[in-house]
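Accompanying notes for the structure given below.
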Amino acid sequence: MLELNEQGLRDRAAWEAAGYALPRFDRAEMLRETERAPRWVHFGAGNIFKAFQAVEAQKLLDSGLLRSGVVAVERAASPEKIASYAEHDNLTVLVTLKSDGSVEKTVVGSIAEVRWLLSADKAETARLREVFTAPSLQLASFTITEKGYRTDGAEGDLAAGPGGAESYWGRVAALLFARWQVNAAPLAMVSMDNCSHNGDKLRDAVLYFARGWAERGLVPEGFVAYLTEKVSFPWTMIDKITPAPDAAVAELLRADGLALASSVTERGTHIAPFVNAEESEYLVVEDDFPNGRPPLEQTGVLFTDRDTVSRAERMKVCTCLNPLHTALAVSGCLLGYTRISEEMKDPELVRLVRGVGYDEGLPVVTDPGVIDPRAFLDTVVNVRVPNPFLPDTPQRIATDTSQKIPIRFGETIRSYAEQPGRDVTALTCIPLAIALWLRYLLAVDDALRPFACSPDPMLGELQGLLSGVRVGTPESVSDALLAPILSNQSLFTVDLVELGLAPKIGGMLRELLAGPGAVRATLKKYTADMP
């Protein structure tokens with residue numbers, strides 16, 4: 001039996017015989033060094049962190065280029081999470097699922113501590129404050145999803161001040177205030193979330209509280225100056241598919257003799273001592289670290305200027321990956337798929353995503369220079385998304401679609417509208433993907449079976465606007481009914497009614513509503529002549 005804890009790792013021969021790569025560094029020394037002089041704290045210790053950033057840290061530890069580990073910060077403690085981390089001594093297993101069917105199994109031991117941001121425990125709060133005020137701390141990175149940067153609902157913290165903050169961003173701002181009070185040491189606050197201009201979202205969330213407190217006389221103006229002058233908020237582009245821990249992967253690990261337990265919290269978070277992910281990964285980072293940084297370029301991270309990061313992010317999010325994923329997600333839910341890879345065996349869906357990427361996206365792509373867009377897209381279409389061993393689902397990717405639509409489709413539409421010689425109304429695949437999303441919001445699949453839409457902060461509002469639409473009754477959709485949605489610039493970054501795309505999208509939606517099988521028939525119609 002392989003036990004995933006410090007004691008169990010002492011039997012290195014058994015682990016290696018089962019095909020696991022183990023940490024090569026002295027973990028006891030790493031723990032001591034992290035306690036003495038932490039360099040890296042990470043907020044949001046989810047799947048992407050455990051499969052990517054924690055692994056990059058381990059590579060540096062193994063090569064002697066980093067001595068301290070990562071202090072991971074979770075939002076709030078739960079009995080399940082506390083038990084899992086304690087049982088496994090903060091160790092996890094990364095299972096890399098390759099498109100040829102082979103797997104790599106790596107025990108990741110770079111997480112030195114796990115802290116709880118919203119804890120009421122004084123000792124817990126004190127240790128997190130100690131980490132954040134350490135002069136040695138160089139970066140605080142974040143993977144908390146795009147919606148995690150919202151500050152609405154936390155207005156009470158503005159009156160409470162740093163000492164009484166109870167919200168996520170109020171607590172983060174309070175930690176920065178403590179750092180300013182103790183030593184005003186510089187720091188890089190680094191969002192590594194999959195969203196546009198992520199550094200600005202992080203900066204805005206922090207400054208919302210800092211400026212609010214300063215206006216109320218709860219903190220000196222010097223704190224705001226510190227944040228704007230000595231704290232950086234670099235932009236990044238990140239890309240690595242990390243689905244929720246999969247039951248088939250768990251069985252693979254159990255077959256190796258690994259003792260596993262997993263659970264799901266009340267918030268729906270999967271807790272497991274392993275993470276499964278694809279092999280491909282990209283991280284492009286604006287090199288703005290005022291207190292220095294770990295040498296992550298040695299692990300393949302690309303450090304560059306802000307403009308290049310922006311172009312890389314736009315290339316991926318607007319053209320080469322994310323729009324394809326969203327088109328597959330909503331279509332897959334309508335057609336009854338439960339695996340993204342299975343969708344890539346569907347000729348109509350393959351033609352749809354190729355149309356979104358190659359035909360409509362690449363002509364207006366922003367070439368970042370550090371990554372070739374066509375080569376990136378080729379890998380996505382031919383290797384990454386069809387990977388049958390990667391257990392990703394359309395239902396997962398359909399989560400928060402309203403928050404993704406602006407950048408995934410809106411920016412390409414904007415490019416067509418703004419670039420001379422391009423006709424935005426000539427687009428077909430992107431309008432069809434939007435129409436499919438509207439059809440998806442009705443929560444009835446192509447066989448007229450009801451399904452549950454994935455969580456989305458605008459789901460109730462959008463379904464309310466579409467409440468009069470009925471499958472089997474195409475005439476229930478009118479231009480006036482769709483106008484509040486298609487003219488909403490927060491959804492699309494542009495007004496689709498004003499641009500003249502509303503009639504095309506509305507017409508496609510009416511075709512999708514014709515009755516059972518209408519989704520398939522509409523896909524066939526619009527992709528029939530595509531390669």
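Residue numbers run from 1 in the order of the sequence given. Computed over heavy atoms, backbone and side chain alike; hydrogens, waters and symmetry mates excluded.
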Is His42 reaching over with its side chain to a backbone N or O of Ala72, donor-acceptor style, under 3.5 angstrom? no

Taking NZ, NE, NH1 and NH2 as the nitrogens, is one of them in Arg127 or Glu113 under 4.0 Å from a carboxylate oxygen of the other? yes

Between the side chain of Ser136 and the main-chain N/O of Pro38, is any donor-acceptor distance below 3.5 Å? yes

Show, in sequence, the C-alpha distance, side-chain angles and deciding distance for Ile407 and Cys195, and conclude whether the side-chain contact (heavy atoms from CB on, under 4.5 Å) test is met. CA-CA 8 Å; Ile407 188 70; Cys195 53; over 6 Å; no

Any donor-acceptor N/O pair, Lys316 side chain to Pro373 backbone, under 3.5 Å: no

Do NZ/NE/NH1/NH2 and the carboxylate oxygens of Arg27 and Asp89 come within less than 4.0 Å? no

Please identify each residue that fulfils salt bridge (Lys or Arg N to Asp or Glu O under 4.0 Å) with Glu281, with sequence neighbours left out. Lys59, Lys240

Ser341 OG to Leu97 CG distance, which is reported to the nearest 0.5 Å: 11.0 Å

Do the side chain of Arg203 and the main chain of Ser232 share a donor and acceptor less than 3.5 angstrom apart? no

Distance under 6.0 Å and angle within 45° of the ring axis: does Arg354 meet both against Tyr358? yes

Is there side-chain contact between Asp367 and Met315, with heavy atoms separated by less than 4.5 Å? no

Within 45° cone and under 6.0 Å: Arg293 NZ/CZ vs Phe303 ring: yes

Check ion pair Arg115-Glu74 (N to O, under 4.0 angstrom): no

With side-chain contact (heavy atoms from CB on, under 4.5 Å) as the test, would you mind laying out the steps for Glu286 and Thr304 before giving the verdict? CA-CA 5 Å; Glu286 178 187 358; Thr304 183; over 6 Å; no

Leu459 side, atom CG; Asp400 side, atom CG - distance, nearest 0.5 Å: 10.0 Å

Considering non-hydrogen atoms only, spot the tightest contact between Pro245 and Asn276 and give its length. CA-OD1, 3.4 Å

Nearest heavy-atom contact between Ala77 and Ile82 is CB-CD1, 3.7 Å

With a 4.5 Å heavy-atom cut-off, do Arg384 and Leu321 have their side chains touching? yes

ring-ring contact (aromatic ring centres under 6.0 Å, His included) assessment of Tyr440 paired with Trp437: CA-CA 5 Å; Tyr440 159 89; Trp437 173 54; 8.1 Å; no

Quick check against the 3.5 Å criterion: does Asn47 have a side-chain atom that pairs as donor or acceptor with the backbone of Val275? no

Counting N and O atoms only, with roles assigned by atom type, does the side chain of Gln58 sit under 3.5 Å from a partner on the main chain of Gly109, one being a donor and the other an acceptor? yes

Let me confirm one number: the OG1-CD distance from Thr133 to Gln181, rounded to the nearest 0.5 Å. 10.0 Å

For Trp116 and Glu124, which heavy atoms make the closest approach, and how far apart are they? N-OE2, 2.9 Å

Donor-acceptor pair, distance only, cut-off 3.5 Å: does the side chain of Ser454 make one with the backbone of Gln395? yes

All heavy atoms of Arg351 vs all of Met530, minimum pair found to be CD-O, 3.0 Å

Is the backbone N or O of Asn387 less than 3.5 Å from a side-chain atom of Ser99, with the two atoms forming a donor-acceptor pair by type? no

Looking at side-chain heavy atoms only, is the closest gap between Asp392 and Ile397 below 4.5 Å? yes

Within-4.5 Å side-chain heavy-atom neighbours: Asn322 and Asn194: yes

Taking atom CD as the centre, does Glu146 end up with more than 12 heavy-atom neighbours from other residues, nucleotides or ligands that are less than 6.0 angstrom away? yes

Is it the case that the side chain of Thr412 and the backbone of Arg408 share a donor-acceptor pair, with hydrogens and angles ignored and the cut-off at 3.5 Å? no

Ignoring hydrogens and geometry, is there a side-chain-to-backbone donor-acceptor pair from Thr319 to Leu362 under 3.5 Å? no

Any side-chain heavy atom of Leu139 within less than 4.5 Å of one from Pro294? yes

Verify whether one side chain among Thr299 and Glu56 offers a donor that lies under 3.5 Å from an acceptor in the other. yes

Going by atom types alone, do Arg311 and Thr308 pair a side-chain donor with an acceptor below 3.5 Å? yes

Regarding Lys201 and the six-membered ring of Tyr149, is the cationic atom NZ or CZ under 6.0 Å from the ring centre and inside 45° of its axis? no

Answer yes if the side chains of Thr401 and Asp456 hold a donor-acceptor pair under 3.5 Å, and no otherwise. no

Any idea which heavy atoms bring Val309 and Met237 closest together, and the distance? CG1-N, 3.9 Å

Carboxylate-amine/guanidinium proximity below 4.0 Å for Asp246 and Arg339: yes

If I take atom CG from residue Leu324 and atom CG from residue Leu349, how far apart are they, to the nearest 0.5 angstrom? 11.0 Å

Criterion side-chain contact (heavy atoms from CB on, under 4.5 Å) on Asp305 and Asp287, from CA distance to verdict: CA-CA 6 Å; Asp305 57 78; Asp287 200 356; over 6 Å; no

Reported CD1-to-OG1 distance for the pair Ile111 and Thr34, which is rounded to 0.5 angstrom: 11.5 Å

Checking Trp235 against Asp200: is there a side-chain donor and acceptor pair closer than 3.5 Å? yes

Run Tyr20 and Leu2 through side-chain contact (heavy atoms from CB on, under 4.5 Å) and show every step you take. CA-CA 11 Å; Tyr20 290 78; Leu2 301 176; 4.0 Å; yes

Distance alone, cut at 3.5 Å: any donor-acceptor contact between the side chains of Ser310 and Asp307? no

Phe142 ring center within less than 6.0 Å of Trp169 ring center: yes

Atom CD of residue position Glu166 - does it have more than 12 heavy atoms of other residues, nucleotides or ligands inside 6.0 Å? no

Lys345 versus Glu342: any side-chain heavy-atom pair under 4.5 Å? yes

Closest non-hydrogen atom pair, Leu258 against Val93: CD2-CG2, 4.3 Å

Do Ser102 and Asp100 meet the criterion of a side-chain donor-acceptor pair at a distance under 3.5 Å? yes

Rounded at 0.5 Å granularity, tell me how far OG in Ser191 sits from CG in Asn198. 3.5 Å

Taking C-beta and beyond as the side chain, do Arg306 and Pro234 meet within less than 4.5 Å on heavy atoms? no

Arg32 with Glu35: basic N within carboxylate O range, under 4.0 Å: no

Centroid-centroid distance, Tyr282 to Phe376, less than 6.0 Å: yes

Side-chain heavy atoms of His88 within contact of Ser84, under 4.5 Å: yes

